[in-house]
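Notes to accompany the following structure.
Atoms within a ligand are numbered from 1 in the order they appear, just like the ligands themselves.
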Amino acid sequence: MPYAKIIGSGGYLPPRVVSNDELAADLATRQIETSDAWITERTGIRQRHIADPGVTSSQLAVKAAQQALEDAGISAEELDLIIVATSTPDFIFPSTACLVQAQLGNKGAAAFDVQAVCSGFVYALTTADSFIRAGRARHALVIGAEVFSSILDWNDRGTCVLFGDGAGAVVLSASEEPGILEAELNADGSLANILHVAGSVVDGQVTGDPFLRMDGQAVFKQAVTALAASAQSVCDKAGVSLEDIDWMVPHQANVRIINFLGRKLKLSDDKVIVTVDQHANTSAASVPLALDAARRDGRIRQGDLVLMQGVGGGFTWGSVLARM
Ligand code: UT7
C-alpha cells in the first residue's frame, strides 16, 4: 500500500494587512472599545490579512494551489483529486473545489469540498491520504481557503478581532517512502452551539443569524483538552512517542491555546510553529499556511516528523502525523 507524501506546499494571503491598532481605531468609530494591548495579551494576534470586497475563497485557493503545484513540480493536469476545506465557499454550489479545478485548468479529477470549519484542513488531508492509500488517487491537491471576514459581525469585539483571510495548499503524491503515518478525526455534534454560524438561505432569504458566534471560553477549554488527547492517541497508533516529533503545526487560533497545548504535551516552544501573530485565525487555511511558512523558511525539512492539528466548529478536531 503506498504512502501519501507531501511533495509541495503553497500559501496566499490577501495583500491588505490590518493591524490591531487600525482595527481598534475602526471599531472606535462605532463606539466599540478594544485595543492592541487586549488583543495581543489575550490572543497573541498582532495583525490579520483581509480580502477586498468581492474576493472569494476560490480566488485565494487558486493562488495557494499554483504555488504548491510549482513547489511539487507537477502540473494541474496530473491531479486526480482536489479537495478544498472551507466554511466560506464561493457559492452554495458548485463546490469551491470545482471552481478551483476549472481555474487551474484540470479536467476529470474528483473535486469536492470538506466542511469541518477550523479542522477542515486535517479532515481534507486525511481524506486525501485515504484515497491515495486505497489506490484511488495518485496526485491530490488539498487546500484550506477562507474569507472569514465575510461572516464576521464587525460589531462583536469578542469575535471580529480574532480572524483573518487566506489560503494554504499541499500536494500529496503516492510514494513508497513514508509520508502520512497516522491520522485521527473526531467530532462531537452536541457542542455545535459553542461555535457556529446558524444562518441558512431559504426561499431566497437568509434566515437565522448569518454571523459567526462563539462561546470563547468553552471553545478554549474544549480545544486544549481535545487536542492533547488527539496528539497522544495519534502518536500511540503510529508507535512513536511525543518526544520524537520534530515540529508541531497546530491550528492557529490563539497563542495561549498553543502554549497550553505545548506545555501539556511537554513540547518545547522551539518545536511549535506559530503564525497566529501574523495571520490571526484563518480557520481551514491556518494549518497549511503555517506548514508552508515553516517549509519555506527552512525550519521544516525533508525527513522531519510533523504533527498537524485542527480544532473548531462542529465541534470537530483531528491530528495528522506525517514524515516529510
Ligand atoms: O478556531 C477555533 C476558534 N476559536 C478559538 O479558538 C477561540 C478560543 N477562545 C479564545 O481564544 C478566548 O476565549 C478569547 C480570545 C475569545 C477571549 O479571551 P478570554 O480571556 O476568554 O476573555 P473573556 O471572553 O473572558 O473576556 C474577558 C473580558 C470581557 O469583559 P468583562 O466581562 O471581563 O468586563 C470581555 O467583554 O474581555 C472583554 N473583551 C474584550 N475587551 C477588549 C472581549 N473581547 C474584547 C476585545 N477587546 N476585543
Atom CZ of Arg296 with >12 non-hydrogen neighbours under 6.0 angstrom: yes
Other residues, nucleotides, ligands: >12 heavy atoms within 6.0 Å of Arg133 CZ: yes
Backbone of Asp90 reached by a side-chain donor or acceptor of Thr56 within 3.5 Å: no
Residue and atom name of the nearest protein heavy atom (relative to atom 22 (O) of ligand 1), distance in Å to one decimal: Arg42 NH1, 3.3 Å
I'd like the name of whichever of [options] reaches closest to [atom] through any heavy atom.
atom: atom 23 (P) of ligand 1; options: Gln217, Glu33, Gln252; answer: Gln217
atom: atom 37 (O) of ligand 1; options: Trp38, Trp317, Phe163, Phe148; answer: Trp38
atom: atom 10 (C) of ligand 1; options: Ile39, Thr34, Ile32, Asn254; answer: Asn254

Nearest protein heavy atom under 4.0 Å from atom 34 (O) of ligand 1, yes or no: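 So atom 34 (O) of ligand 1 lacks protein heavy-atom neighbours under 4.0 Å.
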Heavy atom of protein closer than 4.0 angstrom to atom 31 (P) of ligand 1: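 So far as the 4.0 Å threshold goes, atom 31 (P) of ligand 1 is out of reach of every protein heavy atom.
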Per-atom contacts, ligand 1 versus Ile257 - under 4.0 Å to a heavy atom: 6 (O), 8 (C)
Partner of Arg48 by side-chain hydrogen bond (donor to acceptor under 3.5 Å, both in side chains), out of Asn281, Asp165, Asn20, Thr282: Asn20
Modelled atom types, side-chain donor and acceptor of Ser19 and Asp21, under 3.5 Å: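 On atom types as modelled, these side chains do not qualify, holding no pair under 3.5 Å.
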Proximity flag Ala223 to ligand 1, non-hydrogen atoms under 4.0 Å: no
